[in-house]
Amino acid sequence: MNTSGKGLVALYLHKRGEQWMVQQIKDNEEEQKLASLKQGGIYHFRSTNGVFKTAVIFPLHKRMAGLSKALRVFEDKNMNLVHIESRLAKGTKDQYEIYLEIDSETSKDWNHIQQVIDTLRGIDLGPRDVEPVWKRNSFDCVDMISFPKAIGELDNCQKVLVYGTDLDADHPGFKDPVYRKRRQFFGDLAMIFKYGQQIPRVKYTTVEIETWGRILKKLRELHIKYACKQFLDNWSELEQFCGYREDNIPQLEDINRYLRSKTGFQIRPVAGYLSPRAFLAGLAFRVFHCTQYIRHSSDPFYTPEPDCCHELLGHMPLFADANFAQFSQEIGLASLGASEEEIAKLVSCYFFTVEFGLCREGDEMKVYGAGLLSSAAELQYVMSGVESGQLPLLELKSDAVFTAEMMVTTYQKQYFFTETMDNAKEFVRDIANGVNRPFSVRYNPYTQTIEVLNNSDKILDMAKELRGDLCIVANALKKVQERDGEIDPDIIANFLTAGLDITPYGSRCTTPVHSPPLDTNSPDSSPAGEQTHTANQLRVPPAPR
């Protein structure tokens with residue numbers, strides 16, 4: 001509707017008791033109506049096809065930030081905007097206003113619209129403030145390798161190695177112009193995303209949903225048999241809260257909200273491969289860069305690159321596990337300010353644990369690596385080889401991990417296991433402690449910033465915060481012990497003491513509390529120097545049939 005047109009006939013609706021009265025507006029009342037709208041008022045009318053609508057006009061800041069903020073208010077109220085028009089305000093050269101039309105059939109709709117107008121009057125629609133200079137540029141060491149210090153600075157770490165239509169010649173979608181155009185769409189969508197925005201909801205095509213469904217159906221059969229307990233425990237919640245099912249590709253925004261409520265992890269869309277340093281930096285903030293595109297439908301059980309099937313079916317269930325989330329974050333924290341050589345070591349740790357790791361559960365070997373859990377063919381290959389004794393697994397040790405070749409388009413040549421996922425976490429922590437940098441870092445979840453710990457004052461400040469948490473632990477321990485006496489204080493004390501042990505992981509005892517003593521007659525208890533390469537291999541006997 002053009003509100004400046006002549007001879008506009010509209011309808012005002014007024015409530016009188018339980019009855020609604022229609023009043024026709026005369027032509028000479030046009031200017032009065034416009035003045036009311038420009039003051040932030042609302043105007044109810046019947047369109048030419050008989051549908052009741054509400055018109056709203058409000059001023060807009062020069063920059064687009066005002067429009068996005070205003071539209072978000074309407075979106076949060078689930079209002080159906082049927083027309084949006086921006087234009088110069090009358091009598092100005094650089095001041096803009098926005099004209100909106102909204103469906104409004106009942107008085108309840110009108111009340112909600114009035115609430116929105118009241119909200120718009122009470123918020124600043126100008127551009128958002130720039131981060132304080134002290135936060136963005138406060139580097140604590142002169143020769144420190146630059147890294148993001150605040151979670152919003154991840155916006156500057158989105159340079160990808162492979163983007164949009166840049167597919168290799170052997171990529172299944174290389175010769176498909178429709179698929180390449182679709183990849184360009186997803187790439188552009190990710191590149192315009194900024195921290196603090198909602199992740200755009202994608203309308204996936206029928207072909208994409210069918211491809212997802214085939215992969216999910218096959219993987220679920222294998223997950224139930226081979227996935228670790230932590231992975232399976234969280235799957236039902238992903239189905240319930242995030243729409244995990246064969247006829248629906250989950251939306252990243254739904255998963256993002258779920259993970260934040262579970263472990264504080266967040267996800268953000270990414271256009272393609274990031275550099276290892278940028279990807280690991282995201283983990284330091286508990287942010288996982290996640291693709292929204294899906295592999296080509298011609299070969300649903302193979303992809304030469306991570307896609308949403310890999311991310312959502314392999315990674316997401318374990319990011320909902322508190323222990324695994326911390327494990328992943330510690331790899332990221334260790335990468336901040338690290339040299340390229342040390343980044344390469346951390347990438348190897350990540351690759352052979354988070355992507356392709358296995359661990360024991362009782363007498364069985366289970367998988368927690370996302371690369372395996374998202375690839376039906378490789379998961380079957382590994383587990384059938386383990387069960388038959390044909391595929392040796394190597395114990396997770398630094399000398400073997402750092403020299404192992406990381407295969408991207410074929411199966412791995414080596415796979416590594418630990419007795420528990422906690423052992424993998426301790427291994428990574430030991431590698432992280434060995435990173436050669438003149439400081440340590442800590443993630444502050446309250447400010448979502450990285451704190452550099454490079455002097456005694458900063459360490460003391462952190463210790464004071466930890467002391468408060470320890471007081472809470474001690475108080476809770478006392479109350480539980482008085483009530484039922486089931487907690488042994490020595491276990492908690494030993495656990496906390498171990499956390500302060502600065503002895504390298506490989507040089508201290510890793511036998512868990514209350515675990516049975518080692519069998520001195522076992523070949524595994526021989527001195528480390530006498531073990532051969534094959535002593536670190538694990539062959540699981542075939543499962544009983």
Side-chain angles (χ1 to χ4, degrees), residues 141 143-148 154 157 159 161 273-289 306 315 318 323-359 368-372 393-408 410 412-443 450 452-454 501-508 510 528 531 533 536-537:
C141 297
D143 57 349
M144 178 189 296
I145 296 177
S146 177
F147 58 84
L154 292 178
C157 302
K159 184 177 181 180
L161 305 181
Y273 272 117
L274 290 177
S275 70
R277 185 181 294 278
F279 177 80
L280 294 177
L283 295 180
F285 292 90
R286 294 206 171 201
V287 172
F288 181 77
H289 289 83
H315 283 290
L318 281 174
N323 196 38
F324 189 85
Q326 183 180 359
F327 166 41
S328 301
Q329 184 181 25
E330 290 188 8
I331 298 178
L333 287 170
S335 74
L336 301 180
S339 67
E340 290 299 326
E341 181 181 359
E342 288 160 335
I343 288 290
K345 292 181 179 179
L346 292 171
V347 168
S348 294
C349 289
Y350 179 90
F351 191 83
F352 288 110
T353 55
V354 176
E355 291 290 352
F356 292 96
L358 298 92
C359 65
Y368 66 88
L372 291 175
L393 299 180
L394 303 180
E395 186 178 357
L396 188 64
K397 291 185 178 295
S398 58
D399 54 349
V401 169
F402 293 158
T403 58
E405 184 179 1
M406 292 179 286
M407 311 302 294
V408 177
T410 63
Q412 302 305 310
K413 297 178 180 179
Q414 300 95 1
Y415 298 89
F416 296 86
F417 81 97
T418 54
E419 291 297 323
T420 66
M421 277 214 299
D422 280 340
N423 291 147
K425 183 177 172 181
E426 287 297 317
F427 171 80
V428 171
R429 182 173 291 154
D430 190 40
I431 301 301
N433 289 338
V435 172
N436 184 22
R437 57 186 181 187
F439 58 88
S440 186
V441 294
R442 172 209 182 198
Y443 176 66
I450 298 296
V452 177
L453 305 176
N454 63 340
D501 187 1
I502 61 175
T503 306
Y505 168 70
S507 303
R508 62 179 185 262
T510 57
Q531 291 182 350
H533 181 68
N536 291 330
Q537 295 183 354

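Values in this document were obtained by computation on a predicted structure and should not be read as measured data.
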Next item on the list: Enter the distance from Asn323:CG to Ser328:OG here, rounded to the nearest 0.5 Å.
Entry: 10.0 Å
Next item on the list: Supply the atom-to-atom distance Thr420 OG1 to Glu426 CD, rounded to the nearest 0.5 angstrom.
Entry: 9.0 Å
Check: Does a side-chain heavy-atom distance below 4.5 Å link Glu395 with Phe417?
Finding: yes
Note to self: Just verifying a value: how many Å separate Thr353 OG1 and Leu358 CG, rounded to the nearest 0.5 Å?
What the structure shows: 11.0 Å
Next item on the list: Apply side chain to side chain contact (heavy atoms under 4.5 Å, CB included) to Tyr368 and Val354, showing your working.
Entry: CA-CA 7 Å; Tyr368 66 88; Val354 176; 5.7 Å; no
Checklist line | Candidate pair Phe352 and Tyr415, rule ring-ring contact (aromatic ring centres under 6.0 Å, His included), full reasoning | finding: CA-CA 7 Å; Phe352 288 110; Tyr415 298 89; 8.1 Å; no
Item checked: Ile450 side, atom CD1; Leu333 side, atom CG - distance, nearest 0.5 Å -> 5.5 Å
Note to self: Ignoring hydrogens, what is the shortest heavy-atom contact between Ala334 and Ala338? Give both atom names and the distance.
What the structure shows: O-CB, 3.8 Å
Checklist line | Minimum heavy-atom distance between Phe416 and Leu396, given as atom pair plus value | finding: CB-CD1, 3.9 Å
Next item on the list: Could you tell me which non-hydrogen atom of Ala278 sits nearest to which non-hydrogen atom of Cys157, and how far apart they are?
Entry: CB-O, 3.6 Å
Next item on the list: Can you see which heavy atom on Phe439 is nearest to which on Gly337, and at what distance?
Entry: CZ-CA, 4.3 Å
Notebook entry, point to check: From Arg277 CZ over to Leu346 CG, what is the distance, rounded to the nearest 0.5 angstrom?
Noted result: 10.0 Å
Check: Counting N and O atoms only, with roles assigned by atom type, does the side chain of Gln412 sit under 3.5 Å from a partner on the main chain of Met407, one being a donor and the other an acceptor?
Finding: yes
Notebook entry, point to check: For the ring pair Phe279 and Tyr350, is the centre-to-centre distance below 6.0 Å?
Noted result: yes
Notebook entry, point to check: Taking C-beta and beyond as the side chain, do Val347 and Leu280 meet within less than 4.5 Å on heavy atoms?
Noted result: yes
Next item on the list: Show the numbers, then the answer: is there a side chain to side chain contact (heavy atoms under 4.5 Å, CB included) between Ser398 and Ile431?
Entry: CA-CA 8 Å; Ser398 58; Ile431 301 301; 4.0 Å; yes
Next item on the list: May I ask you to say whether Glu342 pairs ionically with Arg437, meaning some side-chain N is under 4.0 Å from a carboxylate O?
Entry: no
Checklist line | Minimum-distance pair of heavy atoms, taken over all atoms of Arg286 and Gln326 | finding: NH2-CA, 3.6 Å
Next item on the list: May I ask you to decide if the ring planes of Phe351 and Phe356 are parallel, tilted or perpendicular, using 30° and 60° as cut-offs?
Entry: tilted
Check: Going through the checks in order, is the side chain to side chain contact (heavy atoms under 4.5 Å, CB included) test met by Lys413 and Met406?
Finding: CA-CA 8 Å; Lys413 297 178 180 179; Met406 292 179 286; over 6 Å; no
Item checked: Non-hydrogen atoms of Phe427 and Lys397 that approach each other most closely -> CE1-C, 3.7 Å
Note to self: Rounded at 0.5 Å granularity, tell me how far OG in Ser348 sits from CD in Glu405.
What the structure shows: 11.0 Å
Notebook entry, point to check: Hey, is the main chain of Ala284 close enough, under 3.5 Å, to the side chain of Gln329 for a donor-acceptor pair?
Noted result: yes
Next item on the list: Report yes if the side chains of Phe147 and Val452 come closer than 4.5 Å at any heavy-atom pair, otherwise no.
Entry: yes
